[in-house]
Amino acid sequence: MSGSMSRYNARAVEPKWQRIWEQRGAFRARRDPARPKYYVLEMFPYPSGRIHMGHVRNYTMGDVVARYKSARGFSVLHPMGWDAFGMPAENAAMERGVHPGTWTRANIDTMRAQLKSMGLSLDWEREFATCDPEYYAQQQAMFLDMMEAGLVTRKSSMVNWDPVDGTVLANEQVIDGRGWRSGAPVERRELTQWFFRISDMAGELLDALEGLTNWPEKVRLMQRNWIGKSRGLQFAFDVVAAPAGFERLEVYTTRPDTLMGASFAAISPDHPLARALGSTVPGLADFCDECRRMGTSEEELGTAEKRGFDTGLRVRHPFDPGWTLPVWVANFILMEYGTGAIFGCPAHDQRDLDFVRKYGLPVIDVYTPLDSDARVADLAYVPPKTEKVRYINRFAGPEVMTGDEAVDAAIAHCEGLGIGQGVTRFRLRDWGISRQRYWGCPIPVIHCPSCGVVPVPKADLPVTLPEDVEFDRPGNPLDRHPTWRDVACPECGAPARRETDTMDTFVDSSWYYARFTAPRADTPTVATEADYWMNVDQYIGGIEHAILHLLYSRFFARAMHRTGHLPAKAIEPFEALFTQGMVVHECYSTENGGRRVWHAPAEVEKAADGTARLRATGETVEIGAVTKMSKSKKNVVDPEDIIETYGADVARWFMLSDSPPERDVEWTEAGVEGAWRFLQRLWRMLHEAELAAPDSSMNGTGEAAVALRKAVHKAIAGVTADIEGFAFNKAVARIHDLANTMQRATGGEPDMAAARREAFEAIARLMAPMTPHFAEEMWEALGHATPLVATAWPEFDPALARDDVVLMPVQVNGRRRAEIEVARDAGSGTVEAMALAHPDVARHLGGQPPRKVIVVPGRIVNVVV
RNA sequence: GCCCGGAUGGUGGAAUGGUAGACACGAAGGUCUCAAAAACCUUUGCCGCAAGGCGUGCGAGUUCGAGUCUCGCUCCGGGCACCA
């Protein structure tokens, strides 16, 4: 195929194939009992405005899997939707006066067009947004089902409160302890809210992690720790001279073996006892108020300076009524965990040690290392609980034991004495879903003064959001919308009020994967569809969702099963999970009057010597750290610009080429150009190559032809394994390698022409999942009428993919000294003899006989002297 | 603070406990060109003329053999329950 040297024109080719695929309905998912199904899903995007490189990376990976599985004969479901509720839409409303819905819909339209230009094999007929009333109506119906099933509860919990704006703030809206708009110091405030009872399922969610063998181990570990199962002792201190109703102080401890080292008891500033004492102990109420002048996040609590206040109250040590401990209020104790009260053992807990050093309380050692009797000074002694230690101050068990053994002994001992009992607790807290915001799914209940909380009758669903809302004031517009808010009680008809809280957007994203199986149904799911399509065979998304989104989804799938909306097999909805890394980029900045000014990569021109200047002014730019692409540092490259300049395939190819998918990838202009040159080179090679006719069935027999064929079949085997193993960067490297081999295979013999055709056809098919438009264009140029989307994945010939002769390194004392060529299946004796006979080996042996020769067949020989 | 990761040439990275640096980017030299671009060829971990030596964040250890396993650190990143 000699002739035209035209360049590959992505701008014309990509829309052409996108049209052809669409006309063929190539990506429409169909239930087909005759074929195995494959459901591949990438985490759906929040419609923030435009797609970013993180989306390009995520959706390219998913598309590789979808197209590959499709070529392997699976009936593939690969859908896309929009996680469309959330705060940014309300922020846009406040800043620009645009309705959140209008803003969101416009963003979706932009982003849909951008995604389409990427040539993703998505079934767009299944698209939906979580802000569609058709979607959230089903969510409301499930909420009512879950209420009935006892999975929903209402209780009080802490929120960040902006006392000036009079609104609840998200953690993100608390900047250095102050409200982001008002600047007022934020307070913790108690509010009655709706919860899903996820903690009831803690044990189940923990145990089921064992079965998720196709999830990254690190994600399972993070979830395990998050759920935080612990065994400990729950007991009560007797309070000396207790205020009425507080005669006993319940505490929970995972280290009852250290009770002999107790030097204080401490309670949360939100503990009922702290509140009760507030009126009688001077300064205590102020201290608790001050503790509450802090956000609700554990991060803030963890990093804040540890502070305490002595209540003056004392409790009796459970083993000795004469031994009393002071009761402190401490800012680092969470009311949400355990009982909101602890005892402190400073010798074996660093936080407690820091606390007692600050307030001058005693340190009592409980155990020491086996080989030392050193006492605790600046550092608490906290060995792993599986390590044996010497108990020098114990009340149960032998002198030498591990922490685990000691805890068991302590629990048994205490239970025997009637001091508390061994309990299993979980760190996992119930899922608070109430949000005091407009742009979310309304919680379908009505508050009636006489009937209490009344579910909205299912016939009245959906409870849709009112359109006529104002964002000119802080707070939830639903609260001040009388015609929406004020309704008649469905039970007694008396005037009542709608619940104005909306649901956490994590609820929306906890079941969308199930909805994709029947996106237009007037029930949340349809059994036949869910039975066929569930579970998601491959889920792909960012590691930042490792805990919350994935745990909530696991809970929700179980809840959907209990309420009849999913089959039993779907209680773990994600069969396999892959967490991809971020897209990062250099930061560019200049200094302007002492202020750092950030510049977008598009405004910067890089010179060959590594320096950079502003295109507009020529001013030298400082090149900063390589960090996640973010608006604040402006180190953002717009995918649309890349697609317009180079085409979607180049963006996709580069995204896959450099870094392993789970690691961060640095977006570089040079890398993109490299990808572009590679596609151009292959295109040129194709047009310069002499190929056998398309119907030729000749196989190469000459040495050069066989060598090329071997390279082709090795590449097919390798790329297949790489895609299966999510090693897309290695697949790309192998394809590069094959292209290099093809370029050198220049012979004019007929069998070479045949081998070359085989090679070009193979490389087009191997590249199809990654650069689909380019591959189709190659395939068409090779004379095929049927497009690649309808062509099977190539098979390899095992005989050709295998080497008969291997090169084995020979080491002497672990250092490589020679290389021998041996038959693949040569025996160890033969290999050893060949190795010892090698002159370089003999030289390094210096006449000495080897002490030992290790032969690892097919891998290495090590001669030890 | 707590939980989870990561660290390999100038750069991104490759390497079932078995030849460290595949593949790519960049750089240097060359070919072609009036010239440039593009393309193509060669070289490219560091030290050394070579023989050889040194090298996978730091410090120990296990092993015939460690980038890979174990222990102790350092730095960077993700999450911490109302960002999505």
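Naming convention: chains lettered A, B, ... in sequence-line order (proteins, then strands); numbering from 1 in each chain. Here the structure is a predicted model, which means the values were calculated and not measured. The analysis underlying the following values was restricted to heavy atoms, covering all of them including side chains, and did not include hydrogens, waters or symmetry mates.
Using a 4.0 Å heavy-atom distance criterion, A:V174 is classed as making no nucleic acid contact. Within the 4.0 angstrom heavy-atom criterion, no nucleotide atom of any strand lies near A:Q350. No engagement by A:S657 is indicated, since no non-hydrogen atom pair under 4.0 Å with the nucleic acid exists. The residue A:K730 sits close only to the backbone: its heavy atoms come under 4.0 Å of sugar-phosphate atoms, none of a base. A:R734 comes within contact range of no nucleotide atom at all, as no heavy-atom separation falls under 4.0 Å. Using a 4.0 Å heavy-atom cutoff across all strands shown, A:P660 reaches sugar-phosphate atoms only and no base atom. Using a 4.0 Å heavy-atom cutoff across all strands shown, A:R224 reaches no nucleic acid atom at all. A:A546 comes within 4.0 angstrom of nothing in the nucleic acid, heavy atoms only. Backbone-only contact: A:Q743 has heavy atoms under 4.0 Å from sugar-phosphate atoms and none from a base. Within 4.0 Å (heavy atoms only), A:S434 reaches at least one base atom of the nucleic acid. Residue contacts for A:L301: at a heavy-atom cut-off of 4.0 Å it reaches no nucleic acid atom on any strand shown. Among the protein residues, A:V732 comes within range of no part of the nucleic acid, since none of its heavy atoms lies under 4.0 Å from any strand. Using a 4.0 Å heavy-atom distance criterion, A:R815 is classed as a sugar-phosphate-only contact. Within 4.0 Å of A:H549, counting heavy atoms only, lies no atom of the nucleic acid at all.
The side chain of A:L221 lies closest to B:G5 when the candidates are B:G5, B:A24, B:A84. Nearest to the side chain of A:M582, among B:G18, B:G77, B:G79, sits B:G77. Comparing B:C64, B:A22, B:A81 by their closest approach to the side chain of A:N862 singles out B:C64. Among B:A84, B:C23, B:U19, the nucleotide with an atom closest to any side-chain atom of A:H736 is B:C23. With distances taken from any side-chain atom of A:R663 to the nucleotides B:C82, B:A14, B:G5, the minimum falls on B:A14. The nucleotide whose nearest atom lies closest to any side-chain atom of A:L807 is, among B:C80, B:G26, B:U19, B:U19. Of the candidate nucleotides B:A20, B:A81, B:A39, B:A20 has the atom nearest to the side chain of A:Q811. You'll find that the side chain of A:D658 is closest to B:A24, out of B:A24, B:A14, B:G18. Distances from the side chain of A:I547 to the nucleotides B:A39, B:A14, B:G79 place B:G79 closest. Candidate nucleotides B:C23, B:G26, B:U19 were compared by shortest atom distance to the side chain of A:I860, and B:U19 ranks first.
Two residues, A:E662 and A:P45, neighbour RNA chain B, and the one matched to the more 5' nucleotide by heavy-atom proximity is A:E662. For A:A733 and A:R817, each mapped to the nucleotide of RNA chain B holding its nearest heavy atom, the one lying further toward the 5' end belongs to A:A733.
A centroid separation of 6.0 Å or more is found between the aromatic rings of A:W676 and A:F654.
At least one side-chain heavy atom of A:Y8 sits under 4.5 Å from a side-chain heavy atom of A:D649.
In this structure B:G9 sits in the syn conformation; its chi angle is within 90° of 0.
One atom, CD of A:E190, and another, P of B:C82, lie 16 Å apart when rounded to the nearest Å. Here the C1' atom of nucleotide B:G78 and the CG atom of A:L550 are 14 Å apart, to the nearest Å. Taking atom CD on A:E666 and atom P on B:G10, their separation rounds to 16 Å, with Å as the unit. Atom CH2 in A:W439 sits roughly 16 Å away from atom C1' in B:A84 (whole-Å rounding). Taking atom CD1 of residue A:I735 and atom P of nucleotide B:A22, one finds them 19 Å apart after rounding to whole Å. The distance between atom CD1 of A:I820 and atom P of B:G18, rounded to the nearest whole Å, is 18 Å. For A:I543 and B:C83, the CD1 to C1' distance is 17 Å, given to the nearest whole Å. Separating the CG atom of A:D722 from the P atom of B:A22 is a distance of 17 Å, rounded to the nearest angstrom.
Under the 4.0 Å criterion applied to side-chain N and carboxylate O atoms, A:K358 and A:E305 are assigned as salt-bridge partners. Salt-bridge formation is detected for the pair A:K155/A:D430: a Lys NZ or Arg NE/NH1/NH2 atom is positioned less than 4.0 Å from an Asp or Glu carboxylate oxygen.
Using a distance-only test at 3.5 Å, with no hydrogens or angles considered, a donor-acceptor pair links the side chain of A:R427 to the main chain of A:W226.
The aromatic rings of A:H549 and A:Y512 sit tilted relative to each other, their planes meeting at an angle between 30° and 60°.
Not a single donor-acceptor contact under 3.5 angstrom links the side-chain atoms of A:E298 to the base of B:C80. For B:C82, its base sits under 3.5 Å from the side chain of A:R437 at one donor and acceptor pair at least. Below the 3.5 angstrom threshold, one finds a donor paired with an acceptor across the side chain of A:Q436 and the base of B:C82. You won't find any donor-acceptor pair under 3.5 Å spanning the side chain of A:N171 and the base of B:C82, going by distance alone.
The base-pairing partner of B:G10, taking Watson-Crick or G-U wobble contacts with both distances under 3.5 Å, is B:C25. Pair check for B:U33 finds none; no Watson-Crick or G-U wobble contact set falls under 3.5 Å.
Judged purely by distance below 3.5 Å, without hydrogens or angles, the side chains of A:D83 and A:S509 never pair a donor atom with an acceptor atom.
When each of A:W431, A:Y552, A:Y46, A:F196 is paired with A:F506, the ring pair (Phe, Tyr, Trp, His ring centres under 6.0 Å) condition holds for A:Y552 and for no other.
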